[in-house]
Amino acid sequence: MPDTNRAMAKRAVNDSPGESDPRMSSPESKGTARRPRIVAVAGARPNFMKIAPLLHEIRRRGTLDVFLVHTGQHYDAVMSDGFFRDLGIPDPDANLGVGSGSHAVQTAEVMTRIEAILLEQRPDAVLVVGDVNSTLAATVVAVKLGIRVAHVEAGLRSFDRDMPEEINRLLTDAVSTWLFVSEPSGERNLLREGTDPARIHFAGNVMIDTLLAQLDRAKSLDTVQRLGLTPRNYAVLTLHRPSNVDDPARLAALFDVLEEIQQRLPVVFPVHPRTADAIEGRLGGRALKLRTTPPLGYLDFLRLMADARLVLTDSGGIQEETTVLGVPCLTLRVNTERPVTVEQGTNRIVGNDPDVIRAEVAKILDGETRHGRIPDRWDGQAARRIVDVLEHDLRELAAFD
Ligand code: UD1
């Protein structure tokens, strides 16, 4: 870590909701140095609900300049544009248009294209969120140009290096200056890896900032009726991890048990493009006996989850959202990088064994559910805590220039 970073003492993250750290806005500090500049990066669907509250908070304060880069990792209207609209994210200042490709190609394309932007913008920091290929690519380029990186949702670990996201998380955290963690395990993992505690800030969960900000709006939608469903009498399914969809035998076995569940209650399945490709190709166009839909927008999907009897998923973010909504979640994976959702929330890790899935669904339908509690700092204030720290530290650094 550069010396100037080391010199920055760990900031106590201001905990009182609604108020910014007074150091940020004192008249003496305002205007004494140039305005620090951040390049914020988002690329794939789960990034958009994480970057949105950070951009809103930065814009609300008007004390930092921000330049938004969309890498274009996700590019379909339903995977990208709709999220920008629903969440009030401003149009990106640059869209790198990288699209799909192998991991190497996708990561390399983001790296090549973002380097030119960072050289032109010369930001004081690059802000990245989550664990997708765009997160890692932007981070590597920034640190090699000597630009500090702030990683939001740092420290999560599944301890499964077969997951591309785990590699992205480990490498991004290793070289980021600011590590903003969303749950206690994030801090534990980083400390175990030998991370300087001064780099770690327990900020809370920005994805939940977005959920809490949008829930009322989502609840006003008629999504449940429009899909012909009755509140609390349907399941929601999402499936897109390579570990579930890339192996045809495993995917077919999962669909067999899910179709059995559909005989007890409707299973609504918005199909991710990766999974649609797998059904078409690897499963020879199998006609699923589930209520399939195209991918849904953020608000429609939130509406659907909020009134579901249960959710079955292999997503990371959905494990967190169901915990806050108090809806039972069965995670179709053998591990989770978000253990607080199991320890405190409504999540159970059920893997992909059909017998276990069948039994766990039966328990929920028979009324055996856990309500759980909402984890600490999943309170709608995570973006405020993060921007407090960045604003303070970047101003201090700008004063050295
Ligand atoms: C990516 C992230 C994953 C995240 C997921 C959410 C990585 C390594 N993976 O996985 O962590 O949970 O996003 O969706 O970064 N496609 C489209 N339209 C699009 C985007 C993708 O049709 O707008 C199709 C393409 O066929 C593409 C495939 O989906 O090859 C996979 O997209 P990709 O971005 O490589 O990974 P995801 O599976 O979406």
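Atoms within each ligand, like the ligands themselves, are counted from 1 in listed order. Counting begins at 1 with the first residue of the sequence.
Annotation: cation-pi pair R291/Y234 absent, no NZ/CZ under 6.0 Å from the ring centroid and within 45° of its normal.
With atom 14 (O) of ligand 1 as the reference point, the heavy atom nearest to it among Q106, H103, H272 is part of H272.
Using modelled atom types, one finds a donor on one side chain and an acceptor on the other under 3.5 Å when comparing S134 with Q73. Side-chain polar atoms of T336 and Q319 form a donor-acceptor pair below 3.5 angstrom. Between the side chains of S100 and Y75, a donor-acceptor pair is found at a separation under 3.5 Å.
Taking atom 32 (O) of ligand 1 as the reference point, the nearest protein heavy-atom neighbour is H74 NE2, 4.1 Å. For atom 22 (O) of ligand 1, the closest heavy atom belonging to the protein is P273 CB, 3.2 Å. Regarding atom 18 (N) of ligand 1, its nearest protein heavy-atom neighbour is D76 OD2, 3.0 Å. The nearest protein atom to atom 36 (O) of ligand 1, hydrogens excluded, is given as R274 NH2, 3.9 Å; this is a heavy-atom distance. Regarding atom 11 (O) of ligand 1, its nearest protein heavy-atom neighbour is E165 OE2, 2.5 Å. Shortest contact from atom 4 (C) of ligand 1 to any protein heavy atom: H240 NE2, 3.7 Å. Protein heavy atom at the shortest distance from atom 25 (C) of ligand 1 is S100 OG, 3.3 Å. Here the protein heavy atom with the shortest distance to atom 6 (C) of ligand 1 is P46 CD, 3.5 Å.
Side-chain contact check for I364 versus E368: every heavy-atom pair is 4.5 Å or farther apart.
We find that E193 and R157 are joined by a salt bridge, their nearest charged nitrogen and carboxylate oxygen being less than 4.0 Å apart. Ion pairing of R333 with E337 is present here, as a side-chain N (NZ or NE/NH1/NH2) and a carboxylate O approach within less than 4.0 Å.
For ligand 1 and D277, the ligand atoms under 4.0 Å from any heavy atom of the residue are 26 (O).
Considering backbone and side-chain N/O of N168, none are found under 3.5 Å from N/O of ligand 1. In terms of polar-atom proximity, N133 is counted as a contact of ligand 1, with an N or O under 3.5 Å from an N or O of the ligand.
Of the candidates R61, Q381, H201, D388 forms a side-chain hydrogen bond (donor to acceptor under 3.5 Å, both in side chains) with just one, namely R61.
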